[in-house]
Amino acid sequence: MQTDKDLFNLIKESYPLQPRKEFVSSTEVKLRQRAQKMTKKHMMKRLSFVSSGLLLCVLAFSWFFFFSGKDIVLDTLTSLGEKETKTQDENIPTIEAVLENTLTGPSDELNQILNETEWIEPLRQYEETRYKEYFADDTSYQDFVNSYGSVLMIEPMRSHYTLKVKKIEYEKIDSKDMVYNFSVELQYQKEGSELSEVATVNGQANLTEEHKIEGMIIRYEKLWGTWFNE
């Protein structure tokens, strides 16, 4: 769009003689007024077009949301939420269940089993009930219970401590192999004491495509070592 100055210069160039100053001034004023009117008219058209577009969008959205579109939006959001929850349910809760069972206790049932004369078979059944379903095969399960499982509760029991998992944070470090780092906020309290303390235990878990644990490491030695030296 030409400006006032462009229009004025164009007229001056097309005029065969040098125009009078009065004519130039008068023409400049008229052109400026005309340009202003054209600008306002152009702006009004643009505003009208934008307003109409916005109104149509509002009406379309209102119809879409409050009628058939509402169900589509809600179904889509629900589907996305279910997909995310499904992914989490197939991975994180498996690790969480094992950590909760391993680092919370000792339970009354475990205390009772270990106080019995014949405790080997009851302990085997106790561990199978708490852990076996979360592991990929017998090898991964046996590796876990031989290194962790109820073994981790021996030192707390000897030192008269009870443990409770407060919070677990996860970091997925390999999406292809389903490898997770985890950090457990562990509360521990000595028998007879009203005070409890909190420590962090870290580790890593590797899951299969079937979302079963193939291998797990729990780095508990630092905290357990403080009780062993008491």
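Among pairs with a residue in residues 205-221, none fulfils salt bridge (charged side-chain N to carboxylate O under 4.0 Å, His left out), at least two apart in sequence or across chains. Residue pairs that meet the side chain to side chain donor-acceptor pair (under 3.5 Å) test with at least one member in residues 105-117, sequence neighbours left out, are Ser107-Tyr126. The salt bridge (charged side-chain N to carboxylate O under 4.0 Å, His left out) analysis of residues 132-149, with sequence neighbours excluded, yields the pairs Lys132-Asp138.
Ring orientation note: the planes of Tyr170 and Tyr180 are nearly perpendicular, at an angle over 60° on the 30°/60° scale.
By the 4.0 Å N-to-carboxylate-O rule, Glu127 lies too far from Arg130 to be salt-bridged with it.
In this structure a side-chain-to-backbone donor-acceptor pair under 3.5 Å is missing from Tyr141 to Tyr134. Under a 3.5 Å cut-off, the side chain of Trp224 and the backbone N or O of Glu155 do not form any donor-acceptor pair. Panel note: side chain Ser193, backbone Leu195; a donor-acceptor pair is recorded below 3.5 Å.
The side chain to side chain donor-acceptor pair (under 3.5 Å) check on Glu171 picks up nothing, with sequence neighbours excluded. Here Ala199 pairs with Tyr188, Leu223 under the side-chain contact (heavy atoms from CB on, under 4.5 Å) rule; sequence neighbours left out. Applying the side-chain contact (heavy atoms from CB on, under 4.5 Å) criterion to Glu169, with sequence neighbours excluded, gives Lys167.
Put simply, Tyr131 and Trp119 are part of the same group of oily side chains (I, L, V, M, F, W, Y) that touch within less than 4.5 Å, one to the next. Under the 4.5 Å side-chain heavy-atom criterion for Ile, Leu, Val, Met, Phe, Trp and Tyr, Val151 and Ile120 are members of distinct hydrophobic clusters.
With rounding to the nearest 0.5 Å, the separation of CD1 in Ile168 from CG in Leu186 is 9.5 Å. Between the OG atom in Ser183 and the CG atom in Leu99 there is a gap of 10.5 Å [rounded to 0.5 Å]. With rounding to the nearest 0.5 Å, the separation of CD in Gln187 from OG1 in Thr162 is 8.0 Å. Remark: Ser147 OG to Gln142 CD distance equals 10.5 Å, nearest 0.5 Å. The distance from atom CE of Met157 to atom CD of Glu191, rounded to the nearest 0.5 Å, is 11.0 Å. Going from atom OG1 of Thr200 over to atom NZ of Lys222 covers 9.5 Å, rounded to the nearest 0.5 Å.
The shortest distance between side-chain heavy atoms of Val201 and Ile218 falls below 4.5 Å. You'll find the side chain of Gln204 reaches within 4.5 Å of the side chain of Ile173, heavy atoms only.
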Exercise for the section: Please report the C-alpha distance between Leu110 and Met153 in whole Å, then the side-chain angles of each, then the deciding distance to 0.1 Å, and finally whether the side chain to side chain contact (heavy atoms under 4.5 Å, CB included) criterion is met. Expected result: CA-CA 9 Å; Leu110 180 60; Met153 284 296 148; 3.8 Å; yes

